[in-house]
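So that the names make sense, note that chain A is the first sequence line, chain B the second, and so on, each numbered from 1.
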There are 2 protein chains.
Amino acid sequence: MEINQIIAKFHEKGFKATPQRLAICKYVLLSKDHPTTDMIYNEVKQEYPTISLATVYQTLHLLSDIGLLQELDSNNGISRYDPKTSPHINIICKKCGKVEDYESERLEKFWSKIVDDLGFKPLGQRIDVYRYCEDCRRSRVK
Amino acid sequence: MEINQIIAKFHEKGFKATPQRLAICKYVLLSKDHPTTDMIYNEVKQEYPTISLATVYQTLHLLSDIGLLQELDSNNGISRYDPKTSPHINIICKKCGKVEDYESERLEKFWSKIVDDLGFKPLGQRIDVYRYCEDCRRSRVK
DNA sequence: TATTTAAATAATACTGATTACAAATTAGCT
DNA sequence: AGCTAATTTGTAATCAGTATTATTTAAATA
Ligand SMILES: [Mn+2]
Ligand SMILES: [Mn+2]
Ligand SMILES: [Zn+2]
Ligand SMILES: [Zn+2]
């Protein structure tokens with residue numbers, strides 16, 4: 001997503017396009033990492049050293065409200081943020097919480113049929129699959 | 001699930017079948033409500049008044065570990081517990097967090113194909129669809 | 001059935017991610 | 001350039017969940 005499009009989106013929705021918000025967008029909307037708040041805060045601080053953690057939280061909620069990303073709560077109490085809001089599978093490690101996207105044409109086709117069956121247009125969806133990631137399997141004592 | 005099967009499951013996995021655990025199971029494994037910890041605690045207290053909240057948390061984690069239920073973390077910070085661990089859709093209200101099951105033969109068929117594509121057997125899955133529930137739509141100011 | 005003991009419970013203190021707050025700053029409007 | 005409501009910051013407060021530990025107990029054993 002172009003920076004100008006993002007600015008336009010903020011304005012269109014009646015929000016200010018502050019440099020803090022744009023710095024957060026630049027990082028998180030391009031990220032493939034499903035980053036945590038802490039990852040986002042630390043990364044954005046490089047470019048914008050005075051940014052507050054409160055601003056990061058507030059901006060992530062705003063981006064979620066206007067549909068630019070999805071918050072993924074996890075059972076270790078640490079949320080991750082996903083800029084891909086279209087139907088796709090997140091492969092999530094049960095141990096460390098790492099998230100990987102799984103793209104699937106088949107899923108997309110299936111999903112549109114499922115949504116037809118539902119009878120309403122969802123505000124969003126979350127499709128997770130759980131396993132232990134390679135790193136965690138390797139270091140597993142069992 | 002029969003109470004004797006549950007007791008057997010605990011023993012099989014090497015855990016004690018305590019009355020606290022059985023009281024929790026009796027409530028949560030039959031529940032269609034995707035109850036929160038608090039709902040479970042308050043309900044089980046009726047039957048077992050001296051139970052501790054710590055025991056409820058510990059038991060829910062145990063049940064999750066042995067695959068009898070799934071924890072659903074939500075963005076309001078309050079987890080819900082789902083005794084249905086097979087692939088199905090949870091229709092979740094974005095406002096109040098209420099969860100409703102959506103049963104779908106089509107989904108089950110689709111899902112097995114998706115899993116084949118994945119190339120590994122998941123430890124579990126979570127398929128959510130978001131909307132505002134009827135109650136919340138009704139009381140919505142917008 | 002009584003004894004033994006590792007596992008489990010209960011009560012409570014603690015943790016840490018997130019939220020609330022209020023003073024200072026600022027984007028965008030005119 | 002000046003205005004002002006929106007936003008940011010820094011910090012305090014919250015509170016769901018976890019850790020701790022003394023006490024109790026399920027169930028294995030004799
Ligand atoms: Mn994703
Ligand atoms: Mn369900
Ligand atoms: Zn991992
Ligand atoms: Zn609702």
Side-chain angles (χ1 to χ4, degrees), chain A residues 3-4 6-25 28 34-42 44-45 47-66 69-81 95-97, chain B residues 3-4 6-25 28 34-42 44-45 47-66 69-81 95-97:
Chain A
I3 191 76
N4 283 13
I6 293 171
I7 293 173
K9 184 89 177 179
F10 279 129
H11 289 170
E12 170 201 330
K13 297 275 179 176
F15 299 108
K16 294 182 179 176
T18 68
Q20 291 92 332
R21 283 175 178 169
L22 295 177
I24 290 166
C25 286
V28 76
H34 303 76
T36 63
T37 313
D38 223 56
M39 289 161 70
I40 296 165
Y41 176 54
N42 285 303
V44 171
K45 242 191 334 197
E47 175 176 344
Y48 205 101
T50 64
I51 199 164
S52 159
L53 188 52
T55 300
V56 173
Y57 275 105
Q58 178 256 36
T59 300
L60 292 171
H61 289 152
L62 178 65
L63 293 176
S64 173
D65 286 346
I66 66 181
L69 56 77
Q70 178 174 19
E71 186 174 346
L72 301 174
D73 291 85
S74 76
N75 54 14
N76 65 7
I78 299 173
S79 285
R80 287 175 173 264
Y81 295 88
K95 175 102 176 295
C96 70
Chain B
I3 191 76
N4 282 14
I6 293 170
I7 293 174
K9 185 87 176 181
F10 279 130
H11 288 169
E12 171 200 330
K13 297 275 181 177
F15 298 109
K16 293 181 179 175
T18 67
Q20 290 92 334
R21 282 175 179 169
L22 296 177
I24 291 165
C25 285
V28 75
H34 303 77
T36 63
T37 311
D38 223 57
M39 289 162 70
I40 296 164
Y41 177 54
N42 286 304
V44 171
K45 239 187 341 193
E47 175 176 344
Y48 205 99
T50 65
I51 198 163
S52 160
L53 189 53
T55 300
V56 173
Y57 275 106
Q58 178 256 35
T59 299
L60 292 171
H61 289 153
L62 178 64
L63 294 176
S64 173
D65 286 345
I66 67 181
L69 57 76
Q70 177 174 19
E71 187 174 346
L72 301 174
D73 291 85
S74 76
N75 54 14
N76 64 7
I78 299 173
S79 286
R80 287 175 173 263
Y81 295 87
K95 176 104 176 296
C96 70

* Structure fact -> Contacts of B:Ile7 and B:Asp38 projected onto DNA chain D by closest heavy atom; the upstream (5') one is B:Asp38
Starting at atom [atom1] of [X], determine the distance to atom [atom2] of [N], rounded to an integer number of angstrom.
X       : N      : atom1 : atom2 : result
B:Ile24 : C:dA8  : CD1   : P     : 13 Å
A:Lys45 : D:dG10 : NZ    : C1'   : 13 Å
B:Leu72 : D:dG17 : CG    : C1'   : 17 Å
A:Phe10 : C:dT26 : CZ    : P     : 18 Å
A:Phe15 : C:dG28 : CZ    : C1'   : 15 Å
A:Leu60 : C:dT18 : CG    : P     : 10 Å
B:His11 : C:dA7  : NE2   : C1'   : 12 Å
B:Asp73 : D:dC15 : CG    : P     : 19 Å

* When you measure from the side chain of A:Arg21 to the backbone N and O of A:Phe15, does any donor-acceptor pair fall under 3.5 Å? -> no
What is the minimum heavy-atom distance between [X] and [Y], and which atoms define it?
X       : Y       : value
A:Ile24 : A:Val56 : CD1-CA, 3.8 Å
B:Lys9  : B:Ile66 : CE-O, 3.8 Å
B:Cys96 : B:Arg80 : O-NH2, 4.3 Å
A:Ala17 : A:Ile7  : CB-CG2, 3.9 Å
B:Ile6  : B:Cys25 : CG2-SG, 3.9 Å
A:Pro35 : A:Val28 : CG-CG2, 3.9 Å

Check this one for me: any side-chain N or O of [X] less than 4.0 Å away from OP1 or OP2 of [N]?
X       : N      : answer
B:Gln20 : C:dA10 : yes
B:Ser79 : D:dG17 : yes
B:Ser52 : C:dA11 : no
B:His61 : D:dT18 : yes
A:Thr37 : C:dT18 : yes
B:Tyr57 : D:dG17 : yes
A:Arg21 : D:dT8  : yes

Touch class at under 4.0 angstrom, heavy-atom based, for [X] against every strand present:
X       : value
A:Thr18 : sugar-phosphate
B:Tyr48 : sugar-phosphate
B:Leu53 : nothing

* Asked: What is the bend of the helix from C:dT1-D:dA30 to C:dT30-D:dA1 when you compare the axis at one end with the axis at the other, using five pairs each and rounding to 10°?
  -> 40°
* Structure fact -> By nearest-heavy-atom nucleotide on DNA chain C, the more 5' of B:Gln58 and B:Asn75 is B:Gln58
* On DNA chain C, check which nucleotide each of A:Ala54 and A:Lys16 is closest to and give me the residue with the more 5' one. => A:Ala54
* Applying side chain to side chain donor-acceptor pair (under 3.5 Å) between A:Ser79 and each of A:Asp73, A:Thr36, A:Thr37, report the one that passes. => A:Asp73
